[in-house]
Enquirer: 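After the structure tokens below, expect a handful of questions from me.
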Amino acid sequence: QVQLVESGGGLVQAGDSLRLSCAVSGGSVSTLPMGWYRLRPGKEREFVAALGWNPERDYYSDPVNGRFAMSKDVARNLVYLQMNGLRPEDTAIYYCAADLRARGKTWHVNYWGQGTQVTVSS
């Protein structure tokens with residue numbers, strides 16, 4: 001069973017940067033399509049970013065495009081979400097996601113992390 005353990009969340013100021021980490025066990029980031037979702041207050045869970053296709057590509061939602069970036073460390077079996085230029089509206093619980101499968105223009109997620117809180121103050 002794939003398990004995901006997240007870290008890196010916290011309280012930051014607007015304009016600051018933060019890097020979230022996701023440690024993967026039971027699978028390899030070299031073969032698992034990975035992603036990040038978030039749950040903002042008063043909103044439904046939304047897609048943020050995805051990485052790992054054939055050919056390898058990354059994808060970002062419009063609100064974070066140009067500010068966030070995914071990466072992976074295959075040797076350590078880690079995936080990251082680098083978040084730059086954070087805004088108060090980025091405040092959310094961020095969830096690591098693994099084994100994304102194509103569903104039309106989006107993905108079905110087979111494995112979820114526990115979530116990590118990111119709070120951005122103005």
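Every heavy atom of this structure was used, including side-chain atoms; hydrogens, water molecules and symmetry mates were not. Numbers here are sequence positions counted from 1. Quick caveat: nothing in here was measured; it's all calculated off a predicted structure.
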Enquirer: Please report the shortest heavy-atom distance between Ser122 and Ala14, naming the atom on each side.
Expert: CA-CB, 4.3 Å
Enquirer: Start with the C-alpha gap between Met83 and Arg67, add the side-chain angles, then the distance that decides, and say whether side chain to side chain contact (heavy atoms under 4.5 Å, CB included) holds.
Expert: CA-CA 6 Å; Met83 303 183 293; Arg67 298 187 296 120; over 6 Å; no
Enquirer: Given 3.5 Å as the limit, does a donor-acceptor pair link the side chain of Thr91 with the main chain of Pro88, or not?
Expert: yes
Enquirer: How long is the span from the CG atom in Asp99 to the CH2 atom in Trp107, to the nearest 0.5 Å?
Expert: 13.5 Å
Enquirer: Would you name the heavy atoms of Tyr95 and Gly113 that are closest together and state the gap between them?
Expert: CD2-O, 3.7 Å
Enquirer: Of all heavy-atom pairs between Glu44 and Leu39, which one has the smallest distance, and what is that distance?
Expert: C-CD1, 3.7 Å
Enquirer: Once you round to the nearest 0.5 Å, how far does CG of Asn65 lie from CG of Asp58?
Expert: 9.0 Å
Enquirer: Is there a side-chain contact between Leu78 and Val24, using heavy atoms and a 4.5 Å cut-off?
Expert: no
Enquirer: Take His108 and Leu100 through the side chain to side chain contact (heavy atoms under 4.5 Å, CB included) test and state the conclusion after the steps.
Expert: CA-CA 5 Å; His108 172 78; Leu100 279 64; over 6 Å; no
Enquirer: Would you name the heavy atoms of Lys72 and Val79 that are closest together and state the gap between them?
Expert: CB-CG1, 4.0 Å
Enquirer: Can you name the nearest heavy-atom pair linking Ala97 to Val109, along with the distance?
Expert: CB-CG1, 3.5 Å
Enquirer: What pairs of donor and acceptor atoms, side-chain ones from residues 2-12 against any protein atom, are under 3.5 angstrom apart with sequence neighbours left out?
Expert:
{"residue": "Glu6", "atom": "OE1", "partner": "Gly115", "partner atom": "N", "Å": "2.6"}
{"residue": "Glu6", "atom": "OE1", "partner": "Thr116", "partner atom": "N", "Å": "3.2"}
{"residue": "Glu6", "atom": "OE2", "partner": "Cys96", "partner atom": "N", "Å": "2.1"}

Enquirer: Return each pair, listed once, that meets salt bridge (Lys or Arg N to Asp or Glu O under 4.0 Å) where at least one residue sits in residues 107-122; pairs must be two or more places apart or across chains.
Expert: none
Enquirer: Go through the structure and list residues passing side chain to side chain contact (heavy atoms under 4.5 Å, CB included) with Ser61, not counting sequence neighbours.
Expert: Phe47, Pro63, Val64
Enquirer: Looking at OH of Tyr111 and OG of Ser25, how far apart are the two atoms once the value is rounded to the nearest 0.5 Å?
Expert: 11.0 Å
Enquirer: With a 4.5 Å cut-off on side-chain heavy atoms, are Leu81 and Arg19 touching?
Expert: no
Enquirer: Using the test side chain to side chain contact (heavy atoms under 4.5 Å, CB included), find all partners of Ser30 that sit at least two apart in sequence or belong to another chain.
Expert: Ser28, Val74
Enquirer: Please collect all side-chain hydrogen bond (donor to acceptor under 3.5 Å, both in side chains) contacts where either partner lies in residues 32-42, sequence neighbours excluded, each pair once.
Expert: Arg38-Glu46, Arg38-Asp90, Arg38-Tyr94, Arg40-Glu46
Enquirer: Which side-chain hydrogen bond (donor to acceptor under 3.5 Å, both in side chains) pairs, counting each pair once, include a residue from residues 73-84, with sequence neighbours left out?
Expert: Ser17-Asn84, Gln82-Asn84
